[in-house]
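These notes are about the structure you will find just below.
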2 protein chains.
Amino acid sequence: MAVTLQQIADAAGVSRRTVDRALKDQGRVRPEVAEKIKKLAEEMGYRPNQAGRALALAKNPIKIGVITQSSETPFMQEVLVGVHDARRRVRRNGADVEICRIDGVNARQVIACMEKLKESGVRGMALVPAEDEGIKLEIDRLSEEDHIPVVTFNSDVSNSRRICFVGQNNKKAGQTAAGLMADCLKSYEQIGIITGSAENPALNSRVKGFQETLSELRPDLMINQVYYIADDELQAEKITVELLNEFPQTKGIFVSAPAVLGVCRALRKKGVEKEIIVIANDVLGENIKCLEEGSINYLIGQEAYFQGYEGVMTLYRYLLEDRKPKKELEYTDIIIKNRYNI
Amino acid sequence: MAVTLQQIADAAGVSRRTVDRALKDQGRVRPEVAEKIKKLAEEMGYRPNQAGRALALAKNPIKIGVITQSSETPFMQEVLVGVHDARRRVRRNGADVEICRIDGVNARQVIACMEKLKESGVRGMALVPAEDEGIKLEIDRLSEEDHIPVVTFNSDVSNSRRICFVGQNNKKAGQTAAGLMADCLKSYEQIGIITGSAENPALNSRVKGFQETLSELRPDLMINQVYYIADDELQAEKITVELLNEFPQTKGIFVSAPAVLGVCRALRKKGVEKEIIVIANDVLGENIKCLEEGSINYLIGQEAYFQGYEGVMTLYRYLLEDRKPKKELEYTDIIIKNRYNI
DNA sequence: GTGAAAGCGCTAACAT
DNA sequence: ATGTTAGCGCTTTCAC
């Protein structure tokens, strides 16, 4: 049987409560006693029983707040599935999760939600932020003044006091795509890039990673100008047609934008979907269909579900076990899918 | 706050114990009362608190037995890391895991271990079996007569009474490799296949999946004869040299065998590592090095760690929450790695 | 057929 | 500065 608090208390000749305090550095214990207790716990290999802890905490339950942006997108829907699964799981342990869904990107709204969640007494927050000074300030204030730990997921706020970030390394995602493209294309072929808003740092990193790595691996290839689109399938289709008209020799396309379906439609209409290697991002419903029927060759995934699930669970573990994540940047795996391993 | 047993008891006007019995169909409750209780529980949305359950169970702890074969291989080492992590986790909940490591493949020893674990009072078993009639019989006997649920992981025993299998779909792994190879090679190029023992069903499935899919995708390619090796790096190197001498036009190699390093050495000595697309299996130490330095282009992974971790955890959840796995065949993701997403 | 009661290991309010 | 104690929600023994 595992070592319990009581056993340490017996061994040290003090009460359970004293051991508890000593182990948590809560003071109010004579330093030499605390020292002795800690040594004893170490020697006896004490590991707190999580079930016991969770149960005791059910008196005033741990509550976690979650804020998501762009909640209407298919990608974030998938993230939210992960969040809800995590909620179900922590609920079965007597904790709870309160979720604020924000549609679109809106820093002001995020800050308002943070305030609201704080008022409602959450002990920690997991949120999808944006590189915004106001959000950064609020994160720092929660962490420092209110002692409410914050986890960012999916997107990050660099240099803020969040305990960690769970999400993709976008540059590496772009590089991974470049590696695939380099293997698939023959000498001196042409490449097109389609991406979303030029202001989106995530998309930019991907594209940059792709360009840099590809020109290093295959200096012979010709990487044409970057085409920008909004998240709109119709526009994506139009732009893709433009690209194909402008550069009819294109043999590879990297799609960093969300509107993958529009691109596929254009390729099919032009009847070139079999001749062009297409690598796109996000392993999601419509995209998967394109992959299955062959108009896309590879999808690069970022574990949307896991981001949501792990964002919440990281925080829960931190709150329950006082266990800091090992790394400040918890990068999710970069997934490569072709038709056969979906 | 979540619904508790007590609340249901109050609502039904009976004691907690009665509710407990009714919900578990343990009899000794008047049928109409049982019916009423179940309906009530449903309506109130009762979800047993896992922390409470785990804690109560700590009186006579859940013990899980684990048996691994080929435990000396790097692959199984990785699986065992997962097993140990799972052990740490369930221990923190008051349960325990007992592990039997078997070196090499040995059905008799597996059966002996199953017997031993049963004597030592385990409530469930997770094991790496082999397609062996004796093992199958023992699995069925444990499941039926002793009511000890069994989970197979990494390899399976088809048609046995295990509650589920956690591991790779080998055929799909081969197909995935074929998809990659089809994209990388130019017209009419030649392909070599190197695999391990012809008796190993896992390796055979991979090779078959690869051959079938590749000849379907690219009928122009020429797939040469299959080379067989033992798990010996030196022999692998020799055989690879043979292959290259026999078919100097080879432009793609699929390595289904464990001895990947030997293959890489041969390629380097021959100075052809940059001209040949190599796709190998298992994302592990030495293989990763080959991938990083470029003598391998792709590694197909089978989530070794996860197989070990999830094999044990599936069983634990089954025992704790009485929750059957959703699927009988719990296939792990087929991972594609290039130099950039390792 | 049903219920009372004793824990499981931990936390935290309340003594001392 | 340290100890006592009352639960958290569940399982299980034992008595009715």
Side-chain angles (χ1 to χ4, degrees), chain A residues 1-37 41 44-63 90-96 123 319-322, chain B residues 1-37 41 44-63 90-96 123 319-322:
Chain A
M1 180 66 90
V3 184
T4 72
L5 266 192
Q6 185 64 63
Q7 289 174 29
I8 297 176
D10 292 346
V14 298
S15 84
R16 230 161 58 197
R17 183 70 182 100
T18 305
V19 175
D20 186 34
R21 265 196 290 251
L23 258 31
K24 287 186 189 152
D25 290 317
Q26 290 181 332
R28 318 189 121 248
V29 182
R30 260 211 320 277
E32 60 268 32
V33 177
E35 208 43 57
K36 182 176 141 199
I37 290 174
M44 300 171 69
Y46 173 68
R47 293 278 170 278
N49 182 311
Q50 298 307 327
R53 195 190 290 239
L55 201 46
L57 254 31
K59 277 184 206 170
N60 64 333
I62 290 180
K63 204 163 116 192
V90 305
R91 272 193 170 165
R92 288 195 143 212
N93 273 297
D96 203 4
R123 303 255 280 269
L319 259 16
L320 184 63
E321 315 173 12
D322 208 42
Chain B
M1 180 69 88
V3 184
T4 72
L5 268 191
Q6 185 64 62
Q7 291 174 27
I8 298 176
D10 292 346
V14 298
S15 82
R16 232 159 58 194
R17 182 70 182 100
T18 305
V19 176
D20 186 36
R21 265 195 291 253
L23 257 29
K24 289 187 186 148
D25 289 317
Q26 290 180 333
R28 317 187 120 246
V29 181
R30 263 208 319 275
E32 60 269 32
V33 177
E35 208 43 59
K36 181 176 141 200
I37 289 174
M44 300 172 69
Y46 173 66
R47 293 278 171 276
N49 181 311
Q50 297 308 326
R53 195 189 289 237
L55 200 48
L57 254 31
K59 277 183 203 171
N60 65 333
I62 291 180
K63 205 164 114 190
V90 304
R91 272 193 170 165
R92 288 196 145 210
N93 274 298
D96 204 4
R123 303 254 280 270
L319 259 17
L320 182 64
E321 314 173 14
D322 209 41

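In the text below, chain A, chain B and the rest are named by the order of the sequence lines, each starting its count at 1. Scope of the values below: all heavy atoms of this structure, side chains included, with no hydrogens, waters or symmetry mates. No experiment lies behind these values; they were computed from the predicted model shown.
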Note to self: Test of understanding: with side chain to side chain donor-acceptor pair (under 3.5 Å), list the residues that count as partners of B:Asp322, not counting sequence neighbours.
What the structure shows: none

Between the protein and nucleotides 14-16 of chain C, which nitrogen or oxygen pairs come in under 3.5 angstrom?
none

Notebook entry, point to check: Given C:dA6, C:dG3, C:dC10, which nucleotide is nearest the side-chain atoms of B:Lys59?
Noted result: C:dA6

Check: A:Asp20 CG to D:dT4 P: how many Å, rounded?
Finding: 15 Å

Check: For A:Ile62 and C:dC10, what is the distance between atoms CD1 and P respectively, to the nearest whole Å?
Finding: 15 Å

Notebook entry, point to check: Tell me: CG of A:Asp10 to P of C:dC10, nearest whole Å?
Noted result: 13 Å

Check: Just how far, in rounded Å, is P of D:dT11 from CD of B:Gln26?
Finding: 9 Å

Next item on the list: Grab the NZ-P distance between B:Lys36 and C:dG1 for me, whole Å please.
Entry: 17 Å

Notebook entry, point to check: Quick one: does B:Tyr46's side chain get under 4.5 Å of B:Val19's, heavy atoms only?
Noted result: no

Notebook entry, point to check: Taking only residues two or more places apart in sequence or in another chain, which ones pass side chain to side chain donor-acceptor pair (under 3.5 Å) with A:Glu35?
Noted result: none

Checklist line | Gap between atoms CG and P, on A:Leu23 and C:dA12 respectively (whole Å) | finding: 14 Å

Next item on the list: Give a yes/no answer on whether the side chain of B:Ser15 brings an N or O atom under 4.0 Å of OP1 or OP2 in C:dG3.
Entry: yes

Item checked: Smallest separation among heavy atoms of B:Ile37 and B:Leu23, with atom names -> CG2-CD1, 3.9 Å

Check: Side chain of A:Arg16, base of C:dT11: donor and acceptor closer than 3.5 Å?
Finding: yes

Item checked: Sequence-distant partners of B:Arg16, salt bridge (Lys or Arg N to Asp or Glu O under 4.0 Å), two or more places apart -> none

Margin query: From CD1 of B:Ile37 over to C1' of C:dG3, roughly how many Å is that when rounded to an integer?
Written below: 12 Å

Notebook entry, point to check: Are the side chains of B:Arg92 and A:Asn49 in touch, meaning some heavy atoms are under 4.5 Å apart?
Noted result: no

Next item on the list: Would you please name every residue forming a side chain to side chain contact (heavy atoms under 4.5 Å, CB included) with A:Leu57, sequence neighbours left out?
Entry: A:Arg53, A:Ile62, A:Leu320

Next item on the list: Starting at atom CG of B:Asn93, determine the distance to atom C1' of C:dC10, rounded to an integer number of angstrom.
Entry: 13 Å

Notebook entry, point to check: Of all residues at least two apart in sequence or in a different chain, which pass the salt bridge (Lys or Arg N to Asp or Glu O under 4.0 Å) check with B:Asp10?
Noted result: none

Next item on the list: Estimate the overall bend of the helix from C:dG1-D:dC16 to C:dT16-D:dA1 from the end axes over five pairs each, rounded to 10 degrees.
Entry: 40°

Notebook entry, point to check: Tell me, which of residues 46-56 of chain A have any heavy atom that sits under 4.0 Å from an atom in DNA chain D?
Noted result: A:Leu55, A:Ala56

Check: Is the shortest side-chain N/O distance from A:Thr18 to OP1 or OP2 of D:dT2 below 4.0 Å?
Finding: no

Checklist line | Contacts of type salt bridge (Lys or Arg N to Asp or Glu O under 4.0 Å), residue A:Arg47, not counting sequence neighbours | finding: none

Notebook entry, point to check: What residues form a side chain to side chain donor-acceptor pair (under 3.5 Å) with B:Gln26, not counting sequence neighbours?
Noted result: none

Margin query: Using the salt bridge (Lys or Arg N to Asp or Glu O under 4.0 Å) criterion, which residues pair with A:Arg123? Sequence neighbours excluded.
Written below: none

Notebook entry, point to check: Residues in side chain to side chain donor-acceptor pair (under 3.5 Å) with B:Arg17, at least two apart?
Noted result: B:Asp20

